[in-house]
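Working notes for the structure below.
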Amino acid sequence: MLGLLAKIIPLDFAATLSPGIFALTVVLLGSKQNPKLRIISMLTGTLMVGIGIALLGYTIGQVATPDVKKTIVSALIDIILGSFFVFLGLKTFFSKEKKIEFKEDQKLHLFKWLIIGFIINVTNFDALFLSFTAAKEVGSSSINNLDKIILLLVNVMFFILPITLPLFFSIVFPRFTNLILASINHFVLKYSKYIVCILFIIFGFLFLYRGIIFLLN
């Protein structure tokens with residue numbers, strides 16, 4: 001399990017580096033109208049996406065390697081994933097982070113924030129692809145079912161971290177929230193693109209190598 005954990009943690013960690021979602025959560029925390037309720041509502045929509053993509057990745061992993069042995073299907077999936085990883089790595093490097101605008105509203109609109117949470121995450125393709133791949137690795141592994149459940153929960157926890165981390169600090173360290181979140185936000189905005197790019201390309205070549213070597217043997 002530890003070996004698999006070491007493999008999927010970088011994928012899960014990279015999935016958390018979503019500056020737009022993190023910044024929106026920080027802005028919401030500073031709003032006057034029940035900020036925590038809005039964030040919890042947005043978190044619900046995010047959780048729906050996180051659970052869905054984890055289950056999809058896990059299922060694909062099991063279908064690709066039903067007997068926990070490499071097959072032609074799993075090798076082809078590795079090659080496809082590797083190609084996408086390299087492509088997304090280059091795309092991430094040359095792209096600009098999308099800004100998510102927030103307008104103060106006196107009404108709660110909790111259902112609206114649930115939908116917003118769902119939409120901004122289901123269109124966050126980098127994070128989706130990273131979480132999907134991590135869950136796929138869990139599904140194709142030979143560890144026991146309990147360990148698989150634990151790793152899938154870790155996957156989902158990392159996926160929702162851009163929202164839960166600011167919320168956690170606002171509850172536990174209310175006096176220092178602005179200072180802490182400002183530092184984290186500065187780091188995410190400055191370095192997240194490069195970290196995600198490097199991890200995409202590294203894992204892309206690893207998946208390509210794994211798939212091509214199997215087909216050649």
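We count residues from 1, following the sequence as given.
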Chi angles and distances behind the side chain to side chain contact (heavy atoms under 4.5 Å, CB included) call for D147, V138: CA-CA 9 Å; D147 288 342; V138 174; over 6 Å; no

Which heavy-atom pair separates [X] from [Y] by the least distance, and what is that distance?
X	Y	answer
P166	L29	O-CD1, 3.5 Å
T25	P162	OG1-O, 3.7 Å
V122	L128	O-CD1, 3.1 Å
A14	V196	O-CG2, 3.8 Å

Is the closest side-chain heavy-atom distance between L215 and L76 below 4.5 Å? yes

Is the F132 ring parallel, tilted or perpendicular to the F129 ring (thresholds 30°, 60°)? parallel

Between F85 and F203, how do the two ring planes meet: parallel, tilted or perpendicular, split at 30° and 60°? tilted

Once rounded to the nearest 0.5 Å, what's the spacing between atom OG1 of T16 and atom CD1 of I160? 11.5 Å

How long is the straight-line distance from CG of N144 back to CD1 of I150, given to the nearest 0.5 Å? 8.0 Å

Who are the ring pair (Phe, Tyr, Trp, His ring centres under 6.0 Å) partners of F205, not counting sequence neighbours? none

Would you mind listing every side chain to side chain donor-acceptor pair (under 3.5 Å) that reaches into residues 45-58, with sequence neighbours excluded? T46-N121, Y58-Q62

Quick one: side chain to side chain donor-acceptor pair (under 3.5 Å) partners of N145, sequence neighbours excluded? none

